[in-house]
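Shown next, in structure tokens, is the structure this report addresses.
Remember, predicted model here, so these are calculated numbers, not experimental data.
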Amino acid sequence: PLTDHILVVSGRVSYEIVTKALSASVAAIVAVSGPTTLAVDLARAHGLVLIGFTRDDRLNVYSGKGRVKL
């Protein structure tokens with residue numbers, strides 16, 4: 001399991017990426033782009049931290065906000 005790891009992607013987070021991250025027990029996904037609606041729904045259903053639109057000094061937390069320290 002990758003419970004101490006974060007998956008960082010340069011593109012859009014899809015349902016398939018979230019599914020694979022859940023299978024590997026990844027702690028969080030961070031993306032430069034935004035997630036699809038299905039990806040957000042799946043991440044929320046499983047308590048996976050999902051962050052998108054990361055830029056210099058800002059980001060959007062779509063799922064697992066209580067587990068993110070800003």
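- By the criterion of side-chain heavy atoms lying less than 4.5 angstrom apart, applied directly or through intervening Ile, Leu, Val, Met, Phe, Trp or Tyr residues, V68 is grouped together with V8 in one hydrophobic cluster.
- Closest heavy-atom contact between G47 and R67: O-NH1, 2.7 Å.
- With rounding to the nearest 0.5 Å, the separation of OG in S25 from NE2 in H46 is 11.5 Å.
- Residues K65 and V49 fail the side-chain proximity criterion, which asks for heavy atoms closer than 4.5 Å.
- Applying the under-4.5 Å side-chain rule to Ile, Leu, Val, Met, Phe, Trp and Tyr, the cluster around F53 extends to L2, L7, V9, V13, Y15, I17, V18, L22, V26, I29, L38, V40, L42, L48, L50, Y62.
- Residue R55 places its CZ atom among more than 12 non-hydrogen atoms of other residues, nucleotides or ligands, all under 6.0 Å distant.
- Nearest heavy-atom pair across R12 and P35 is NH2-O, 3.8 Å.
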